[in-house]
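A quick write-up on the structure given underneath.
We use all heavy atoms of the structure for the numbers below, so side chains are in, but hydrogens, waters and symmetry mates are not. Numbered from 1 within each chain, the chains take letters A, B, ... in sequence-line order.
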Amino acid sequence: MLDIRLLRHHPERARERLASRGGGDEAKLDRILELDARRRALITESEQLQAQRKRASKEIGALMAQKKLEEAERRKAETRAIGDRIDALRKELLQVEEGFEELVAALPNLPHESVPIGPDASANAVVRERGRKPEFAFQPRTHLELCERLGLVDFTRGAKLAGSGFLLYTGRGARLERALIQFLIDLHTREHDYTEVSPPYMVSRECMFGVGQFPKFEDQAYAVQEGLDGSTLGKLYLIPTAEAPVANIHRGEILKESELPRCYAAYSPCFRAEAGAAGVGTRGMIRVHQFDKVELIRIATPETGYEELEKLTGHAERVLQLLGLPYRVVLLCTGDLGFASAKTYDIEVWAPGQGQYLEVSSCSNCEDFQARRMELRYKDASGRNRFPHVLNGSGTALARLFVALLECGQQPDGSVLLPEPLRPYYGEDRIAAE
RNA sequence: GGAAGGGUGGCUGAGCGGUUGAAGGCGCCUGACUCGAAAUCAGGUGUAGGCGCAAGCCUACCGAGGGUUCGAAUCCCUCCCCUUCCGCCA
């Protein structure tokens, strides 16, 4: 949620920044400002009347105490009229506020100045590339072939169980997945500064609103229904990312500045309906309805928000460095930026079987956009309550990491050599060909 | 799921229709006393919104939402959460 004061005092800046996203949201500004003015006028008027009524009520109380009942009755009748007027104003205020809030909540975050301006992914900037792409003396196989030959994932039966887009990891594939989760959590909690948390995999709509997932992307979420009657449908949602529960851990709280930054690492499965994405790149495990991910969250002061973003991105990169996977870091342009984010780095890993980079992490500073939505604040040194910056990044998504590990580590004999740091977790140095 | 009891400020705990944003205590901050500290004494100590250059003024908030009333922390209704007991259950 954007700060209404910012919109009020610097509408031109807001208009320009919103326009840079290319979503046309700047067109809503005039209406928002109009509703804001009306809203404040209504508040002022009704509060003046309330003050008047409050005074009158006290006087009536005094009259009653003095047994001046007749006069008290007369005053009651007068005061009732004030009450009626207040009710009418409040009713209008409620309506105005509803429309106002709906519009403000629908505005995306303002891109940071350092974000390149552009309409879509083609304007993203590659910030750095690391690692050497492996060269093969043979035709590298795709992860699909490797999974099949090594018996790591049963795509057919996965689809039988829940439809296309659901995976059944089997045998050594399931073990590798589990090893990766363990490896990632250990990395972020031991070498980095994260506290491990294990959140609910369903959250309330308040949480979904808090991170900016709702209302805009409601069609991308799986809604859960409890029991037979349907009365609970829409109360809980399967999380599309652990960001949804974890960023909300402190919703509605006032943290102490000395407690910042708060850093959490969480493993969770992620559920995404991917409505409208059917048919496009849906084969294999690159785009699925359920995948595992380790998510990193940092809650920091606004002063340190952007340092924290670099740090967070570095933590996610460390994963790929340790696993010896070639990757690049991409700075998203204004048009490609997520709804809640002010600045995002995507980390893409090289997948030789695909001949392309796959996004395995997205590290964002949402500034105070989410904090506002979830009423998360902190008390600064001078005792003032402020909204902190909330950052999130994948550290990292697993299905695609799995793909890159297989495709990069494949050997001429069809086995897959695992990177050194992963071996203790997996228990062997390779996935041998059968 | 059933029954009972609860949800009041940073904590504890009164209030049960009127001048209560909320007694008392604890904590915290400032000052006095002290060489210093403790103890003691005095004062202060919530959040949000509106108006105002500011000082400040006003409004709302006692789990959430509605209702009754001139007036609600106090009365009524609905919902949520917590505790205990019972049931069910991984």
Side-chain angles (χ1 to χ4, degrees), chain A residues 1-9 32-101 104-105 198 200-210 224-237 245 248-259 269 368 371-388:
Chain A
M1 192 103 75
L2 295 175
D3 184 358
I4 180 58
R5 287 189 191 83
L6 175 78
L7 302 182
R8 202 142 71 201
H9 299 312
I32 287 173
L33 293 174
E34 201 179 290
L35 286 172
D36 178 52
R38 180 69 191 138
R39 182 182 138 260
R40 286 183 298 145
L42 286 167
I43 289 172
T44 304
E45 191 179 352
S46 86
E47 287 191 349
Q48 277 167 359
L49 287 171
Q50 275 172 270
Q52 199 179 326
R53 177 174 72 182
K54 201 172 172 179
R55 253 176 273 122
S57 284
K58 280 184 186 172
E59 286 163 20
I60 291 169
L63 288 173
M64 307 263 286
Q66 294 163 38
K67 301 276 184 236
K68 295 181 181 164
L69 266 52
E70 219 174 282
E71 197 179 341
E73 284 306 320
R74 207 176 327 118
R75 295 296 306 276
K76 276 192 196 180
E78 284 168 26
T79 312
R80 195 164 7 229
I82 299 177
D84 292 345
R85 178 85 185 114
I86 292 171
D87 282 350
L89 288 171
R90 289 258 285 261
K91 206 173 281 176
E92 188 185 346
L93 178 62
L94 216 63
Q95 255 180 349
V96 170
E97 236 156 23
E98 202 178 304
F100 170 76
E101 263 154 34
V104 175
S198 179
Y201 300 155
M202 299 181 225
V203 294
S204 64
R205 60 180 314 111
E206 285 73 26
C207 287
M208 293 292 261
F209 179 85
V224 174
Q225 175 172 331
E226 179 193 328
L228 292 171
D229 64 0
S231 66
T232 57
L233 180 67
K235 285 196 171 167
L236 289 175
Y237 301 86
N248 276 289
I249 287 176
H250 298 291
R251 75 174 359 262
E253 296 182 21
I254 301 176
L255 301 172
K256 297 191 187 101
E257 182 164 352
S258 60
E259 297 175 317
D368 59 9
R372 272 208 162 71
R373 290 180 156 241
M374 54 181 86
E375 287 183 273
L376 164 62
R377 287 162 296 172
Y378 76 97
K379 208 172 265 298
D380 73 9
S382 68
R384 198 158 57 100
N385 289 336
R386 300 177 66 196
F387 292 106

- request: For RNA chain B, just give me the dot-bracket, please: Watson-Crick or G-U, both distances below 3.5 Å, ( ) intra-strand, [ ] crossing earlier pairs, | paired with another strand, . unpaired.
  value: ((((((((.[[[..)..(.....]]]((((((.......))))))((((((....)))))).[[[[[..)....]]]]])))))))....
field: side-chain N/O A:Arg5 vs B:G49 OP1/OP2, d < 4.0 Å
entry: yes
- prompt: What string of B, S and - do you get for nucleotides 58-81 of chain B 5' to 3' if you count protein non-hydrogen atoms under 4.0 Å?
  reply: BBS---------BS----------
query: With a cut-off of 6.0 Å (strictly less than), are more than 12 heavy atoms of other residues, nucleotides or ligands near CD of A:Gln95?
result: no
- request: For A:Glu73 and A:Lys68, run side-chain contact (heavy atoms from CB on, under 4.5 Å): C-alpha distance rounded to whole Å, both residues' side-chain angles, the deciding distance at 0.1 Å, then the answer.
  value: CA-CA 9 Å; A:Glu73 284 306 320; A:Lys68 295 181 181 164; over 6 Å; no
task: Report yes if a side-chain nitrogen or oxygen of A:Arg384 is closer than 4.0 Å to either non-bridging phosphate oxygen (OP1 or OP2) of B:U47; otherwise report no.
output: no
- request: Calculate the interatomic distance between A:Arg39 atom CZ and B:C51 atom P; express it in whole Å.
  value: 9 Å
- prompt: Any side-chain heavy atom of A:Ile32 sitting closer than 4.5 Å to one from A:Phe100?
  reply: yes
- prompt: Quick one: does A:Ile254's side chain get under 4.5 Å of A:Leu376's, heavy atoms only?
  reply: no
message: Quick check on B:C51: is either OP1 or OP2 less than 4.0 Å from any side-chain nitrogen or oxygen of A:Arg40?
response: yes
message: Does any part of the side chain of A:Leu42, heavy atoms only, come nearer than 4.5 Å to the side chain of A:Arg38, both counted from C-beta?
response: yes
message: Could you tell me if the side chain of A:Arg53 sits less than 4.5 Å from the side chain of A:Leu49, heavy atoms only?
response: no
field: Donor-acceptor under 3.5 Å (A:Asp380 side chain, A:Arg384 main chain)
entry: yes
- request: Kindly indicate whether a cation-pi arrangement holds for A:Arg373 with A:Phe209, taking the cut-offs as under 6.0 Å to the six-membered ring centre and within 45° of the axis.
  value: yes
